[in-house]
> 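I have a structure here, written as structure tokens, and I will follow up with some questions on it.
Proteins come first, then strands; the chains are lettered A, B, ... in the order of their sequence lines, and each starts at number 1.
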Protein chains: 2
Amino acid sequence: MREGPDIARIASLVGDPARANMLSALMGGTALTASELALEAGVSLPTASSHLSKLMEGGLLTLASQGRHRYYGLAGPQVAGMIEAITGVAEAVGPKRVRPGPRDAAMRVARVCYDHLAGEQAVAMLDRLVDKKVLLRDDKEIRLGPSAASHFAALGIDFEAKARRPVCRACLDWSVRRSHLAGTLGAAILDKILAEKWARREKDSRAVMFSPTGRQAFEKVFLA
Amino acid sequence: MREGPDIARIASLVGDPARANMLSALMGGTALTASELALEAGVSLPTASSHLSKLMEGGLLTLASQGRHRYYGLAGPQVAGMIEAITGVAEAVGPKRVRPGPRDAAMRVARVCYDHLAGEQAVAMLDRLVDKKVLLRDDKEIRLGPSAASHFAALGIDFEAKARRPVCRACLDWSVRRSHLAGTLGAAILDKILAEKWARREKDSRAVMFSPTGRQAFEKVFLA
DNA sequence: GCAATGTTTCGACCGTGCTCGAAGCGTCGC
DNA sequence: GCGACGCTTCGAGCACGGTCGAAACATTGC
């Protein structure tokens, strides 16, 4: 009955949990592939694809095809602002949120983000690697420093052997609100952590649980 | 999978057309009753009531019970800001809106808003009544001026005879973005317009169509 | 060329939630 | 008190949209 722009259409796009998770994931500013977004949203690939096409049709996303990868990103700052506004209301209105249980606390410390480590530990690790000039961070970009090759080789981490993805990539951490390390290097480090049995993945969760000795080893290698 | 505030919950509340219409109607700042909101949304009273309780539960609305009337209003400026942000995206993203047809143009000029007149004609009428000091407007409130009683009596408009609602009320016009006159006086004026056959209601629409002579009469009385 | 990987389309299933009529409750006017 | 009015609750019907498996399509690497 009421005229004007179709706000219900836009809001209902954000109103599905899977799509909301995707949009939240994209709030970091980096474009993500359909597979990554499917993992973030916790749905299968076909489902994610369906959601993504709806978001595209609604004008909320942009698409950049690069080879067989398709990178989805937020359409612009106006869309980001809208998500921000909705998040603000959700936060203000929902103090009824159950207090974080042990699972949530663990997620905050360390968890899997697609194929690399995220959480406080991951953010601290990246900070330390930048401090030591092993990696170079300018603005939003991360590059390998001159000593990177030898540094990681000494640790037995081989990040070149993997597929052709960017070696380093910044990934915004939702809990800490700062970047952690993604890309093939981030993936290789997670592999290393799991291979050395410093930590194990919690079943049916993204949480990564360090053993006491594993934590010491990790901190000695990456946070020293 | 992703944590943080439940933005899907909030967005899906806005994502239903009926609820979106209600929220848009409340963007004017004045609280409205369940019946008024049902009309705005174009749904039955039970349906509207169900939506309203959901919006209440979601924390988007406040409720002020006055006798047997229950006035619903937006919970606060943060909620209003969110609606505004969503509206902005919907506007920016939907230039695919079909160009306004004759029906829409007519709606812009004059239409029914619950029980009173809205649109350009209504806004102009209120401006003129204020100019002539028949009505007094300070800030958002509208009151009767000293000459109001005799002025409307001379026109054969009896606004006291109606139920116990505020005589004057400002109602924000979506098309003009300025206030028009609601309340029992606004209703009485619309009654007059239809009784005099200056205009008729378009079937299945809120548009009000003035006849050529009716328009002249209306302008002579209210816009002179 | 063929196999591997990333992504979309198709088809079918199923549940959530929107919808309204009828009935129940609370408030006001006489 | 009784009737009128405003609103909410209950119950049942129904459609829309989310979900996934299988298969098709596209791109790359060998």
> Could you check if a side-chain atom of D191(B) sits within less than 4.5 angstrom of a side-chain atom of I157(B), using non-hydrogen atoms only?
no
> Could you tell me whether the phosphate oxygens of dT8(D), OP1 or OP2, come under 4.0 Å of any side-chain nitrogen or oxygen in Y72(B)?
yes
> Extract from the structure each pairing of a protein N or O with an N or O of nucleotides 3-5 of chain C at less than 3.5 Å, listing the distance.
unit_1: dT5(C); atom_1: O2; unit_2: R68(A); atom_2: NH1; d: 3.3

> Given side chains that start at C-beta, do those of L117(B) and I189(B) come closer than 4.5 Å, heavy atoms only?
no
> Please report, rounded to the nearest Å, how far the C1' atom of dT8(D) is from the CG atom of L37(B).
15 Å
> Checking A18(A) now: which residues fulfil side-chain contact (heavy atoms from CB on, under 4.5 Å) with it, not counting sequence neighbours?
D16(A), A41(A), V43(A), H51(A)
> Can you give one letter per nucleotide of nucleotides 15-22 of chain C, going 5' to 3': B for a protein heavy atom under 4.0 Å from the base, S for sugar-phosphate only, - for none?
---SSBBB
> Would you mind reporting whether L135(A) and L181(A) have side-chain heavy atoms less than 4.5 Å apart?
yes
> Say you draw a straight line from CG of L74(B) to CG of L32(B); how long is it, rounded to the nearest 0.5 Å?
9.5 Å
> Do Q121(A) and V208(A) have side chains that approach each other closer than 4.5 Å (heavy atoms only, starting at C-beta)?
no
> Please tabulate, one pair per line, each protein N/O and nucleotide N/O from nucleotides 12-14 of chain D that are separated by under 3.5 Å, including the distance.
none

> Please report, rounded to the nearest Å, how far the P atom of dA26(D) is from the CG atom of L63(A).
15 Å
> Partners of F152(A) by ring-ring contact (aromatic ring centres under 6.0 Å, His included), sequence neighbours excluded?
F159(A)
> How long is the straight-line distance from CG of L61(A) back to CG of L55(A), given to the nearest 0.5 Å?
4.5 Å
> Atom OH of Y71(B) to atom C1' of dT27(C): distance rounded to whole Å?
14 Å
> Could I get the full list of side chain to side chain donor-acceptor pair (under 3.5 Å) partners for T47(B), not counting sequence neighbours?
S44(B)
> Taking only residues two or more places apart in sequence or in another chain, which ones pass side-chain contact (heavy atoms from CB on, under 4.5 Å) with K54(A)?
L13(A), R19(A), S50(A)
> Rounded to whole angstroms, how far apart are NE2 on H69(B) and C1' on dC5(D)?
8 Å
> Between the two end axes of the helix from dG1(C)-dC30(D) to dC30(C)-dG1(D), each built from 5 base pairs, what angle do you get to the nearest 10°?
30°
> May I ask you to evaluate whether R70(B) reaches the phosphate of dG26(C), defined as a side-chain N or O under 4.0 Å from OP1 or OP2?
no
> Taking the side chain as every heavy atom from C-beta outward, state whether I83(B) and L26(B) have any atom pair closer than 4.5 Å.
no
> Shortest non-hydrogen contact from L60(A) to V79(A)?
O-CG1, 4.0 Å
> Who passes side-chain contact (heavy atoms from CB on, under 4.5 Å) against L63(B), sequence neighbours left out?
M56(B), S65(B), R70(B), Y72(B)
